[in-house]
Amino acid sequence: MTDNADKSMDDIVSLCKRRGFVYPASEIYGGINGFWDYGPLGTQLKNNLRDAWWEAMVLNPPKGPDGERLQIVGLDSSIIQNPKVWEASGHLAGFADPMRKCAGCGHFVRADQLWEMLATSSEWVDSLLQVFTPITGDIDTPRLMDWARKKGKKLAPNLALVRNPEVTLSWLAQRVNGQPDAPVEMKEFMRHVATEQLNATGLQEPCPRCGGELGEPAPFKLMFETWAGMVQNDDNKAYLRPETAQGIFINFKNVVDTSRVKVPFGIAQVGKAFRNEVTPRNFIFRSREFEQMEMEWFCHKDDATKWYKFWQTERKRWWESLGLTSDNLIMREHDKDELSHYAKEGAGTADVEYRYPFTAPGFGELEGIAHRSNFDLTQHENHSRTKLKYFDSARGELAKNGQPKGEHYLPDVIEPAAGLTRGVLALLCEAYTRDDSRPSPEFLKLHPRLAPIKAAVFPLVKKDGMPEVAEKLHDELQQRFGRTGFIETDAKQSIGKRYARMDEAGCPWCFTIDGDSLTEHTVTARNRDTGEQQRIAIAQVGDFLHKALNI
RNA sequence: GCGGGUGUAGCUCAGUGGUAGAGCAUCACGUUGCCAACGUGAGGGUCGGGCGUUCAAGUCGCCUCACCCGCUCCA
């Protein structure tokens with residue numbers, strides 16, 4: 001087995017392009033940053049992963065921790081919703097955090113974190129403080145001058161004190177000597193060393209990175225905006241959803257009212273989401289348009305921890321069942337300070353992380369399992385002024401007749417939220433294998449269930465009626481397995497080359513029609529991973545494949 | 001957004017101012033006897049895009065776009 005750290009993303013990206021898995025979006029126009037198109041094989045692979053998820057969630061969910069049957073229903077909500085949805089969810093506020101852009105280096109700083117960053121994580125501030133002691137308020141001009149010319153020049157090239165030490169220090173001296181009874185405090189000192197045109201600009205605040213002048217705070221929008229209607233103004237502004245989850249929460253009441261589900265139950269959804277990421281990076285790992293598979297599991301808060309643990313175990317097991325090796329998968333519990341706004345109060349958030357080649361030996365997120373408490377339903381209940389409480393007739397005190405009186409509550413939510421497109425990436429990375437001892441060294445060891453091409457049927461040579469037999473077997477297999485992926489047939493070129501092509505596309509089985517097929521009615525079945533062959537009856541090929549694909 | 005690198009055929013890449021190339025891949029025909037065989041032929045490029053310098057630009061300059069690496073960001 002090849003270690004993921006040894007796999008080259010360039011090779012994987014190249015194979016994806018060559019074989020029609022993933023193309024850069026708008027390629028003929030020079031591309032567009034953060035967007036990707038899925039080709040014939042990539043689309044089928046993505047659909048197969050999506051279908052496997054849907055089956056594991058909605059059609060054939062796992063048994064619960066006590067062996068009980070789980071209830072999960074599907075949903076497909078709109079990408080564009082009333083903007084109030086995003087106000088309620090916190091995305092509008094969260095995504096529009098005021099940022100300040102540095103005029104010197106272009107770096108963005110969150111306005112509300114500026115002073116914390118200056119105090120804790122700015123290299124030049126650390127260095128500068130060694131020549132200035134804010135407690136006494138003394139200004140050692142020669143030492144500051146010296147710092148500006150040496151260390152400052154390296155660490156904070158855009159700081160006013162460095163660009164123009166004389167002027168900056170004279171302003172500072174005027175302040176200190178003019179008001180000797182009011183010592184300069186840290187913040188004020190920082191503002192002074194960042195300012196060289198005091199009369200024109202007032203005191204400036206410096207960039208933690210280069211000391212440059214920071215611009216006015218402005219919202220930094222991570223949601224894509226559009227307009228619903230012909231006129232484009234603030235009244236009809238709309239947003240592309242940054243996650244599929246909110247579509248589920250706002251339909252919670254609809255589903256409860258119309259589908260006879262009882263808490264605990266889940267609502268599952270697969271769909272596109274959009275985030276205007278600052279830096280799309282790493283192939284399809286972080287793109288601006290991506291696909292999520294999210295399930296919101298609604299349960300009573302007393303049971304939340306139980307379900308949180310259950311879904312963690314279950315989700316990791318599921319990814320493993322698709323062929324991701326356990327060495328390359330970890331479950332990582334978030335630290336307290338990492339938790340999202342919606343998860344602060346809950347049992348926690350954990351990520352299923354995969355060891356991608358570009359994160360190896362570290363890991364990158366594949367799926368998040370979050371306890372969102374009842375944050376979202378509470379928010380939507382308040383913002384929409386619609387009662388979303390669930391009436392649970394199995395809870396509450398017992399009445400005279402021995403029946404529970406019932407309890408009204410907003411359920412807690414456990415959310416396993418997986419990236420479909422990240423899943424595709426993890427599967428491709430896991431499947432990509434180089435084995436130079438093989439005649440076809442580069443191949444994709446995709447799980448048979450997910451492989452976009454399920455099988456290929458080859459006539460060994462293009463004569464003696466072999467192509468006709470192959471054609472017939474191909475049609476038969478396509479009828480039976482076509483809904484799960486492609487069945488290929490190919491009579492061109494040497495048999496070895498055809499096997500190699502199928503290896504590269506991740507096709508698990510090749511069936512070859514030879515002379516014996518005509519007389520004995522048998523074919524050879526060739527295994528992608530081992531190259532081994534076995535003879536089976538033509539009539540048995542369908543059942544053989546059915547078993548091999550495990551579907 | 002910053003710094004560094006890259007961009008030439010579907011893929012991998014040569015090409016240092018003078019007629020746009022190779023290998024593999026693709027297509028056609030022939031051959032074929034189980035692991036990227038062979039022969040003959042064919043198609044495919046406004047050299048990422050734009051502007052400029054020059055008699056002449058894939059090559060030099062400026063701008064721009066995309067990708068990769070490192071920062072940064074990632075509710």
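To find a chain, count down the sequence lines: A is the first, B the second, and so on, and within it residues start at 1.
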S.K.: Out of C34(B), A28(B), A36(B), which has the shortest distance to the side chain of Tyr499(A)?
M.R.: C34(B)
S.K.: Going by side chain to side chain donor-acceptor pair (under 3.5 Å), name the pairs with one or both residues in residues 460-471 of chain A, residues two or more places apart or in two chains.
M.R.: none
S.K.: Looking at Lys17(A) and Glu27(A), is there a salt bridge between them, counting it only when a charged N and a carboxylate O are closer than 4.0 Å?
M.R.: yes
S.K.: Pick base, sugar-phosphate or nothing for Arg438(A), based on heavy-atom distances below 4.0 Å to the nucleic acid.
M.R.: nothing
S.K.: Of the nucleotides C11(B), C69(B), G33(B), which has the atom closest to the Asp464(A) side chain?
M.R.: G33(B)
S.K.: Hey, can you pull the residues of residues 503-511 of chain A with a non-hydrogen atom under 4.0 angstrom from RNA chain B?
M.R.: Glu504(A)
S.K.: Any salt bridge between Arg18(A) and Glu504(A), counting N to O under 4.0 Å?
M.R.: yes
S.K.: Confirm from the modelled atom types if Ser14(A) and C11(B) form a donor-acceptor pair under 3.5 Å, side chain to base only.
M.R.: no
S.K.: Categorize Phe458(A) for me: base, sugar-phosphate, or nothing, with a 4.0 angstrom heavy-atom threshold over every strand shown.
M.R.: nothing
S.K.: Reckon Asp514(A) touches a base, only the sugar-phosphate, or nothing at all at heavy-atom distances under 4.0 Å?
M.R.: base
S.K.: Compute both the distance and the angle, then confirm whether Arg438(A) meets the cation-pi test with Phe443(A): under 6.0 Å from the six-membered ring centre, within 45 degrees of the axis.
M.R.: yes
S.K.: Sticking with atom P, work out how far A22(B) lies from G41(B), rounded to a whole angstrom.
M.R.: 14 Å
S.K.: What does A36(B) pair with, Watson-Crick or G-U, if both distances are under 3.5 Å?
M.R.: none
S.K.: What does Lys492(A) touch in the nucleic acid at a heavy-atom separation under 4.0 angstrom: a base, only the sugar-phosphate, or nothing?
M.R.: sugar-phosphate
S.K.: Which part of the nucleic acid does Met502(A) contact within heavy-atom distance under 4.0 Å: base, sugar-phosphate only, or nothing?
M.R.: nothing
S.K.: Need one value for Gly34(A): base, sugar-phosphate or nothing, where a base atom within 4.0 Å counts as base even if backbone is also close, heavy atoms only.
M.R.: sugar-phosphate
S.K.: Does Thr512(A) form a side chain to side chain donor-acceptor pair (under 3.5 Å) with Tyr499(A)? I'd like the steps, not just the answer.
M.R.: CA-CA 10 Å; Thr512(A) 301; Tyr499(A) 286 153; 2.7 Å; yes
S.K.: Working note: His91(A) + Gln246(A), criterion side chain to side chain contact (heavy atoms under 4.5 Å, CB included); need CA distance, chi angles, decisive distance, verdict.
M.R.: CA-CA 10 Å; His91(A) 287 89; Gln246(A) 297 306 323; 4.0 Å; yes
S.K.: Taking the nucleotide of RNA chain B with the closest heavy atom to each, which residue, Gly31(A) or Gly531(A), is nearer the 5' end?
M.R.: Gly531(A)
S.K.: Nearest to the side chain of Arg18(A) - A75(B), C11(B), C71(B)?
M.R.: C11(B)
S.K.: When you measure from the centre of the six-membered ring of Phe274(A), is the NZ or CZ of Arg288(A) closer than 6.0 Å and no more than 45° off the axis?
M.R.: no
S.K.: Looking at Gly419(A) and Trp319(A), what are the two nearest heavy atoms and their distance?
M.R.: O-CH2, 4.4 Å
S.K.: Would you classify Lys17(A) as touching base, sugar-phosphate or nothing, given that sugar-phosphate means primed atoms plus P, OP1 and OP2, and contacts are heavy atoms under 4.0 Å?
M.R.: sugar-phosphate
S.K.: Tell me if the NZ atom of Lys472(A) is crowded by more than 12 foreign heavy atoms within 6.0 Å.
M.R.: no
S.K.: Quick one: the side chain of Arg498(A) and the base of C35(B), do they pair up donor-acceptor inside 3.5 Å?
M.R.: no
S.K.: So that I can tick it off, tell me whether Glu532(A) and Arg526(A) are bridged by a salt bridge, with the cut-off set at under 4.0 angstrom between side-chain N and carboxylate O.
M.R.: no
S.K.: Need one value for Pro24(A): base, sugar-phosphate or nothing, where a base atom within 4.0 Å counts as base even if backbone is also close, heavy atoms only.
M.R.: nothing
S.K.: Which letters describe nucleotides 37-51 of chain B, given B = protein heavy atom under 4.0 Å from base, S = only from sugar-phosphate, - = neither?
M.R.: B--------------
S.K.: Looking at U26(B), C34(B), U32(B), which one has an atom nearest to any side-chain atom of Lys462(A)?
M.R.: U32(B)
S.K.: Asn33(A) side chain: which of A66(B), C34(B), G33(B) is closest?
M.R.: A66(B)
S.K.: Determine the interatomic distance between P on C67(B) and the same-named atom on G61(B); round to the nearest Å.
M.R.: 24 Å
S.K.: If you measure from the C1' atom in C35(B) to the same atom in G50(B), how many Å do you get, rounded?
M.R.: 49 Å
S.K.: Check whether Phe481(A) forms a cation-pi arrangement with Lys454(A) (NZ or CZ under 6.0 Å from the six-membered ring centre, at most 45° off the ring normal).
M.R.: no
S.K.: Let's test this: given Watson-Crick or G-U wobble pairing with both distances under 3.5 Å, identify the partner of G61(B).
M.R.: C51(B)
